[in-house]
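Below is one structure, written out as structure tokens; comments come after it.
Atoms within a ligand are numbered from 1 in the order they appear, just like the ligands themselves. Residues take their numbers from the sequence shown, with the count starting at 1.
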Amino acid sequence: MNPKIDNLLTETRRFSPSEAFAANAIAGRDLYERAETDRLEFWAEQSRELLDWEKPFTRVLDWTNPPFAKWFEDGTLNVAYNCLDRHVEAGNGDRVALHWEGEPGDSRSLTYAELTTEVKRLSNVLIDLGIRAGDRVAIYLPMIPEAIMAMLAVARLGAIHSVVFGGFSADSLRSRIDDASAKLVITADGGYRKGKVSALKPAVDAALAPRGELGVQETVKNVLVVKRGENTVDWTEGRDLWWHDVVPAASPEHTPEAFPSENPLFILYTSGTTGSPKGILHTSGGYLTQAAFTHKNIFDIHPETDVYWCTADIGWITGHTYVTYGPLANGTTQVIYEGTPDAPHPGRWWEIIEKYGVSIFYTAPTAIRSFMKLGRKIPKKFDLSSLRLLGSVGEPINPEAWMWFRKVIGGKLAPIVDTWWQTETGAIMISALPGLTETKPGSAQVAVPGISIEVLGDSGSAVESGSGGLLVVSEPWPSMLRGIWGDPERFKETYWEKFGDKYFAGDGARLDEDGDIWLLGRVDDVMNVSGHRLSTAEIESALVAHPYTAEAAVVGASDETTGQAVVAFVIIKESQLEEAGGAAHISDALRAHVAAQIGAIARPREVFVVNELPKTRSGKIMRRLLRDVAEGREVGDTTTLADTSVMRIISDRVSAN
Ligand code: WT7
């Protein structure tokens, strides 16, 4: 749901934090002032204040070889030690780190001392399995405490994790394992989703099935399996190990080793404008600095009293930065939940907030809109008075959803922070500071202290206030991606070619009279479905891999709940038409095919069978016109089409469907 510029211009509502909130807020105006005075010194101070460095750094930023940045390069630290041991050493071992709530209603709380011990045991298991600094470990788990333990144990050894969202298919898992040459996969038999056990181990088995292709060597040596779903699973002797057999038996002693600041921490795959997902690479010291800084200041974390809940899955960047690294670096008590918001009843999330007394709640606009649809009666049944701060992330939040969130969930008191960032930025880049900023429904507002954001026209000059342009980050930042795994050229081309040494984010934005930023959605062929990033090209290539399909074009059409929805237009091969057995059957088969190839999140909402696709004379598909059709609008300017009659035929087809 990309807010249109005109609607935003008319949004005049303003909300200031209460005096009580402002009086106790962590972040003050001095942050902006200090960052303004000396940006690099500001980040150095934050890093020293928020993290424990084994060897303190003396250099802050090396930007002599753009776009390859080095932050705090000569310092060394252990990321897991910063998230665990040091809190225990400081006397906070009894503080709860995780309140885990399983979907069926089982639960488990782990203190910092307990979580630290479990991670130490797991680290010893990983060492036994041959995992060393720099090795890649794939993690394919549901939202259970073991998922966070797995990330931290890998980080503790200086190895690199690649978390693959549990909703991705065996094929997607396979290509991510291959791209990173992972040595180990950590998974579970299954996990609970929508009231049922959803199996994971079979997808790992399928991904690792012998391929017999010449020259393809299996890099995975072991599969470590958590028992969660109790579903029966196949077992490969010698390769597979049960977590419960090896982790409890391992020694609870492990001394963390310090690694250089630029030691890689994780790879996380995300969709781009071409068919193959890119492995976004993040490193240690700079990433953890900005994760901890933004988490503490934007979510106003008071670790002794707050209960924080971010609803993201660890399969996405939000789950990395604002479930695992930011909150644990800050010694926060947090809630994690395994299941879906509506299982076993539509008030499940509100029940969890009541149960744990959640005070800070961070979620996505798509979830807020689904709850809006169900009505305020459901949240009204629960006591949500513990909430004092709300956050939104993943896509532009429309003012209507913002107002509903404020009123129905936040009781008109809790400030809302709308946080803009990306897998690539690693941490929040644009947001209000909750005790300071007068908030505006629908605007992400201002750059985080120490971050330089500009809105530029195509030519690279700054746009005037009131007009739209392209969002760029004009100075390197601590948690920036360090590259695309194995593909430095693609890294340069994708983000740095358009504006030289400024990072091009791929988003459109508008600056208003006050200098506040309003995000307008992607300007490239990347879709945003329920806050998840999907590539038109990746889904098109899945569609043409099906025997029915001759050609395919995919667009993101606006959708009331999910923001955008995947809509596909396909041309069926003449030879297959008869066998395929009618448009309805074709559509079902292709929707299922995409879900199987990529994952259920990529399943098109609609597949339209057409005879032609609108193309320019140079053969480029005009997605803009297909989007008009998919959204039921009058088709726009068709004068650059090679064949101008095509759109009428497509429109007729679609309305007949
Ligand atoms: C894209 C990044 C960052 C975590 C979740 C998504 C969109 C993200 C906002 C926001 C408007 C937003 C952008 C961005 N986006 N947050 N607050 N307002 N748009 O991470 O999968 O890397 O996607 O999500 O279009 O480019 P991601």
Side-chain angles (χ1 to χ4, degrees), residues 1-3 8 163 165 167-168 266-273 277-282 290-291 294-295 298 310-326 362-369 390-399 401-402 405 416-432 439-448 453 455 468 470-473 479-481 484 494-495 503-510 516-535 538 556 562-564 601-602:
M1 189 172 300
N2 301 338
L8 298 180
V163 181
F165 174 59
F168 277 123
F266 65 84
I267 305 168
L268 183 61
Y269 288 84
T270 188
S271 299
T273 51
K278 43 194 181 190
I280 302 300
L281 176 69
H282 283 285
Q290 198 175 328
T294 50
H295 180 255
I298 293 167
C310 165
T311 62
D313 189 282
I314 53 142
W316 312 108
I317 190 67
T318 309
H320 284 58
T321 310
Y322 298 106
V323 176
T324 301
Y325 293 109
Y362 189 30
T363 193
T366 183
I368 300 167
R369 289 193 297 265
L390 304 175
S392 170
V393 64
E395 57 178 311
I397 178 165
N398 47 312
W402 197 101
F405 199 28
I416 297 179
V417 286
D418 174 7
T419 61
W420 179 90
W421 59 297
Q422 306 178 301
T423 305
E424 291 88 340
T425 70
I428 297 171
M429 304 291 278
I430 302 175
S431 172
T439 53
K440 301 176 176 177
S443 170
Q445 301 199 287
V446 289
V448 164
I453 300 280
V455 181
L470 301 172
L471 190 77
V472 307
V473 188
S479 64
M480 68 194 288
L481 75 166
I484 295 176
T494 311
Y495 307 105
Y503 171 88
F504 171 51
D507 279 45
R510 184 180 77 84
D516 283 319
I517 301 161
W518 300 74
L519 276 310
L520 303 172
R522 302 286 308 195
V523 296
D524 50 15
D525 291 329
V526 168
M527 294 171 288
N528 189 324
V529 178
S530 300
H532 301 318
R533 203 154 135 183
L534 296 170
S535 131
E538 194 182 352
T562 59
Q564 285 188 307
I601 44 164

Query raised in the report: What's the verdict on ring-ring contact (aromatic ring centres under 6.0 Å, His included) for Y503 and Y495, showing C-alpha distance, side-chain angles and the deciding distance?
Result: CA-CA 5 Å; Y503 171 88; Y495 307 105; 5.2 Å; yes
**Report entry** Chi angles and distances behind the salt bridge (Lys or Arg N to Asp or Glu O under 4.0 Å) call for R369, E395
**Finding:** CA-CA 12 Å; R369 289 193 297 265; E395 57 178 311; 3.1 Å; yes
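Look at E538 and R533 and you find no salt bridge, because none of the NZ, NE, NH1 or NH2 atoms lies under 4.0 Å from a carboxylate O.
Below 30°, between 30° and 60°, or above 60°: for F165 and W316 the angle between ring planes is between 30° and 60°, a tilted geometry. Ring pair Y322/Y362 is perpendicular by interplanar angle, where above 60° counts as perpendicular and below 30° as parallel.
The two atoms that bring G319 and A312 nearest to each other are N-CB, 3.8 Å, heavy atoms only. In terms of heavy-atom proximity, T419 sits nearest to S431 at CG2-OG, 3.7 Å. Shortest non-hydrogen contact noted between A427 and W421 is O-CB, 3.1 Å.
At a 4.0 Å cut-off, at least one heavy atom of P396 sits close enough to ligand 1 to count as contact. Ligand 1 lies less than 4.0 angstrom from a heavy atom belonging to G394.
For ligand 1, the polar-atom distance check against R522 finds a nitrogen or oxygen pair separated by under 3.5 Å. Ligand 1 has an N or O atom lying under 3.5 Å from an N or O atom of D507, backbone or side chain. Of the N or O atoms in Q422, one or more lie within a sub-3.5 Å distance of an N or O in ligand 1.
Residue-level proximity to ligand 1 for T423 is carried by backbone and side chain together, each with a heavy atom below 4.0 angstrom. Looking at V526 against ligand 1, nothing comes within 4.0 Å, counting heavy atoms. By the criterion of a heavy-atom distance under 4.0 Å, neither the backbone nor the side chain of I430 is placed next to ligand 1. At a 4.0 Å heavy-atom cut-off, ligand 1 touches E395 through the backbone alone.
Taking only non-hydrogen atoms, the option from W316, W421, Y322, W420 nearest to atom 2 (C) of ligand 1 is W421.
Each of V163, I280, I317, L281 was evaluated against F266; a single residue qualifies, I317, per the side chain to side chain contact (heavy atoms under 4.5 Å, CB included) test. Paired with V446 under the rule side chain to side chain contact (heavy atoms under 4.5 Å, CB included), one option of D516, I430, I453 passes, and it is D516.
Nearest to atom 6 (C) of ligand 1 among the protein's heavy atoms is G531 O, 4.0 Å.
Ligand-side atoms of ligand 1 in range of R533: 2 (C), 21 (O), 22 (O), 23 (O), 27 (P), range being under 4.0 angstrom from any heavy atom. Ligand-side atoms of ligand 1 in range of L519: 11 (C), range being under 4.0 angstrom from any heavy atom. Using a 4.0 Å cut-off to heavy atoms of T318, the atoms of ligand 1 that qualify are 4 (C), 5 (C). Short contacts between ligand 1 and N528, defined as distances under 4.0 Å to a heavy atom of the residue, involve ligand atoms 7 (C), 24 (O).
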